[in-house]
Amino acid sequence: QVQLVESGGGLVQAGGSLRLSCAASGRTFTSYGMGWFRQAPGKERGFVAAISWSGGSTYYPDSVKGRFTISRDKFKNTVYLQMNSLKPEDTALYYCAADAVSKYPDDYHYWGQGTQVTVSS
């Protein structure tokens, strides 16, 4: 089993930055890929970023490419999402997920509880 706990969400003005953290415990953290997803009210859960087990490969949708950066610290068992140039449309509940490197939520087996990000205009 893997337990994931997100933190770092909050309220920020448009153009600002936030860094989300996802602390993992349980199974060996270094052996699987990780991802970030987000879900706004009334919308489906959408792909934000993914990173390979080595950290050498990262993936983003066009909507966040160049603004968001995913990274991982194997020693701290933590994956991060640095979000810059935030826009009101980035407002959502952000989830960390483990055990895949994919843009599809169904490919992941483990999920955190989510952290809220609100961007004001």
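For clarity, every value in this text was computed on a predicted model and none was experimentally measured. The figures that follow rest on heavy atoms only: side chains count, while hydrogens, waters and symmetry mates do not.
- Put simply, Leu20 and Phe47 are part of two different groups of oily side chains (I, L, V, M, F, W, Y) that touch within less than 4.5 Å, one to the next.
- When hydrophobic clusters are built by joining Ile, Leu, Val, Met, Phe, Trp and Tyr residues whose side-chain heavy atoms come closer than 4.5 Å, directly or via intermediates, Tyr110 is grouped together with Val48.
- Leu18 and Leu81 fall within the same hydrophobic cluster, where Ile, Leu, Val, Met, Phe, Trp and Tyr residues are linked whenever their side-chain heavy atoms come under 4.5 Å apart, directly or through other members.
- Considering OG of Ser121 and CD of Gln13, their distance stands at 9.5 Å, rounded to 0.5 Å.
- Met83 is not listed as a side-chain neighbour of Val119, based on a closest heavy-atom distance of 4.5 Å or more.
- A continuous path of ILVMFWY side-chain contacts below 4.5 Å connects Ile70 to Val117, so both sit in one hydrophobic cluster.
- Using cut-offs of 30° and 60° for the angle between ring planes, the Phe68 and Tyr94 rings count as tilted.
- The nearest pair of heavy atoms linking Leu4 to Met34 is CD2-CE, 4.0 Å.
- Atoms OG and CZ, on Ser17 and Arg67 in that order, are 10.0 Å from each other to the nearest 0.5 Å.
- With contacts defined as side-chain heavy-atom distances shorter than 4.5 Å, the pair Val2/His109 does not qualify.
- A 4.5 Å side-chain heavy-atom check between Trp36 and Val79 finds at least one atom pair inside the cut-off.
- In this structure, Lys65 pairs ionically with Asp62, as a charged nitrogen and a carboxylate oxygen lie closer than 4.0 Å.
- The hydrophobic clustering, which links ILVMFWY residues whose side-chain heavy atoms are closer than 4.5 Å, places Leu86 and Tyr60 together.
- Minimum heavy-atom separation, Asp73 to Tyr80: CB-CE1, 4.0 Å.
- How far CG of Leu93 is from CD of Gln113: 8.5 Å, rounded to the nearest 0.5 Å.
- Residues Ser52 and Gly56 come closest through the heavy atom pair OG-N, 3.3 Å.
- For the residue pair Arg38 and Ala92, the shortest heavy atom distance occurs at CB-CB, 3.8 Å.
- Smallest separation of non-hydrogen atoms from Tyr95 and Glu6: CA-OE2, 3.3 Å.
- With hydrogens and angles ignored, the 3.5 Å screen pairs a side-chain donor or acceptor of Thr78 with a backbone N or O of Lys76.
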side-chain contact (heavy atoms from CB on, under 4.5 Å) between Thr91 and Gln116: does it pass, once the steps are laid out? CA-CA 8 Å; Thr91 295; Gln116 179 67 39; 4.0 Å; yes

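- Taking both residues in full, the closest heavy atoms of Pro88 and Ala14 are given as CD-CB, 4.1 Å, listed atom of the first, atom of the second, then distance.
- Distance alone, capped at 3.5 Å, is enough to place a donor-acceptor pair between the Tyr108 side chain and the Ser102 backbone.
- No cation-pi contact links Arg45 to Phe37, judged by a cut-off of 6.0 Å to the six-membered ring centre and 45° from its axis.
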